[in-house]
Amino acid sequence: MANPIVVGADGSRSAAAAVEWAADEAVRKELPLKLVHAVYHLPYVGATYVVPGLEDALTRAGRWFLEEAERLAWARRPDMDTSVALLDGPPGRVLAAQSAQASELVVGGRGRGGFVGMLLGSVSAYVAGHAAVPVVVVRPDYTPMRAEVVVGIDGSAECEPVLGYAFEQARLLGCPLRAVYGWQLPSEISSGWFVRDSEDVQRMRDRLVMGELATWRATYPDVPAEVKVIHDHPVTALVEASRDAALLVVGSRGRGAVGSAVLGSVSRGVLHHARCPVAVVRHPPAADTTTPA
């Protein structure tokens, strides 16, 4: 049996948006949908302060969240194949572990435990950096202005799986793909210490990104694809492109990321500020050495 699309459910508005997105994705890919809620007792239950009946209340609430999420998924996509799982443990760890038997993992941008004003919650940030499969982070109240998949590229080896995922999403959605290369001139050029024609730099970048897309264009001839080279910081360029996109796809680490970092600075910045759902595609898998979410 094919691995399911796994989505986290916690009763929040962000999680509801994630469930709806995951239901659509499961139908597009003809995969089952698995709804998961993690009951984390540790922050509330301890030897010093015991609240009678709290553990049972948390479990009952978790079951209710799953029931509501399943009803939402069925209302969105009737008769789809769904299952539910109520598990114990820190939500980030639980969802990341579920990704080992998943095709894709979908989470809300900020769950019930997030701080007001934070665009990205600790659970979604943890999952995006540790899951074994692509992770889609969804926020509520997004309305794409047009059907388009945007993908960030930077010339690194990480771009291959990112482009493969982005082209397949564009095929499934029946929409065009726009590859965005955001770059800035070195400070030496603007300060006068180093002289190089900016148009020559632009042509060099154009040749690089056109080469990256050539193979995927041949593999997906029915997906219209264009390249945009933007003289700006990659995060700024991608966030701006996300304003009217259906999906933004990025890698977990790029050229500038430290080898031990779970998420690179660009992927972190995009996850915090993008206006549309963001898919994070990891390559290669990183060792899980951080503390629980």
Side-chain angles (χ1 to χ4, degrees), residues 134 136-137 142 144-171 173-258 261 263-283:
V136 181
V137 179
Y142 79 95
M145 299 298 292
R146 59 186 176 190
E148 178 183 65
V149 172
V150 173
V151 57
I153 57 176
D154 66 359
S156 69
E158 174 144 346
C159 285
E160 287 303 306
V162 174
L163 282 168
Y165 178 90
F167 266 90
E168 177 63 11
Q169 287 292 334
R171 183 190 72 81
L173 290 167
C175 69
L177 178 143
R178 178 159 44 126
V180 173
Y181 193 128
W183 65 283
Q184 290 178 309
L185 291 170
S187 59
E188 290 84 357
I189 292 179
S190 58
S191 65
W193 288 100
F194 179 78
V195 178
R196 183 164 188 170
D197 183 69
S198 60
E199 292 185 1
D200 180 49
V201 176
Q202 181 82 7
R203 286 192 294 270
M204 178 184 68
R205 302 292 186 181
D206 285 343
R207 288 194 298 270
L208 176 62
V209 297
M210 292 296 286
E212 288 183 26
L213 260 69
T215 300
W216 295 106
R217 278 173 163 160
T219 304
Y220 291 89
D222 296 331
V223 175
E226 66 171 342
V227 179
K228 291 291 185 182
V229 178
I230 300 173
H231 185 196
D232 207 338
H233 190 280
V235 173
T236 303
L238 290 170
V239 169
E240 182 62 29
S242 76
R243 291 183 183 276
D244 53 2
L247 179 67
L248 173 59
V249 185
V250 295
S252 60
R253 294 202 300 270
R255 282 186 177 277
V258 178
L263 284 177
S265 59
V266 171
S267 49
R268 285 199 309 271
V270 166
L271 281 169
H272 276 284
H273 300 293
R275 301 293 188 259
C276 69
V278 178
V280 178
V281 181
R282 294 184 62 206
H283 173 76

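As the structure is a computational prediction, the values presented were derived from the model and not from experiment.
- Between Arg217 and Asp222 no salt bridge is recorded (no basic side-chain N to carboxylate O distance below 4.0 Å).
- Nearest heavy-atom pair, Ala245 versus Ala241, reported as atom, atom and distance to 0.1 Å: CB-O, 3.8 Å.
- Summarising the geometry, atom SG belonging to Cys276 is positioned 11.0 Å from atom CZ belonging to Arg243; distances are rounded to the nearest 0.5 Å.
- Here CD of Glu148 is found 10.5 Å from CG of Leu247. Values are rounded to the nearest 0.5 Å.
- At least one side-chain heavy atom of Val250 sits less than 4.5 Å from a side-chain heavy atom of Val280.
- Between the side chain of Thr236 and the backbone N or O of Asp232 there is no donor-acceptor pair closer than 3.5 Å.
- Taking every heavy atom of both residues into account, Pro234 and Val266 meet most closely at CB-CG2, 4.0 Å.
- In terms of the side chain to side chain donor-acceptor pair (under 3.5 Å) criterion, residue partners of Glu168 (sequence neighbours excluded) are, by chain and number, Arg171, Tyr220.
- Note: Trp216 CH2 to Cys159 SG = 11.5 Å, rounded to the nearest 0.5 Å.
- Closest approach of Ala237 to Gly182, counting heavy atoms only: CB-CA, 4.1 Å.
- Rounding to the nearest 0.5 Å gives a distance of 11.5 Å between CZ of Arg268 and OG of Ser252.
- With hydrogens and angles disregarded, no donor-acceptor distance shorter than 3.5 Å links the side chain of Arg178 to the backbone of Pro176.
- Taking 4.5 Å as the limit, every side-chain heavy atom of Val278 sits out of range of all side-chain heavy atoms of Val136.
- For the residue pair Val162 and Gly251, the shortest heavy atom distance occurs at CG2-CA, 3.5 Å.
- Checking side-chain atoms of Ser242 against main-chain N and O of Leu248 turns up no donor-acceptor pair under 3.5 Å.
- For the atom pair His233 NE2 and Ser265 OG, the distance stands at 6.0 Å (nearest 0.5 Å).
- Contact between Leu213 and Ala225 at its shortest, heavy atoms only, is CD2-CB, 4.3 Å.
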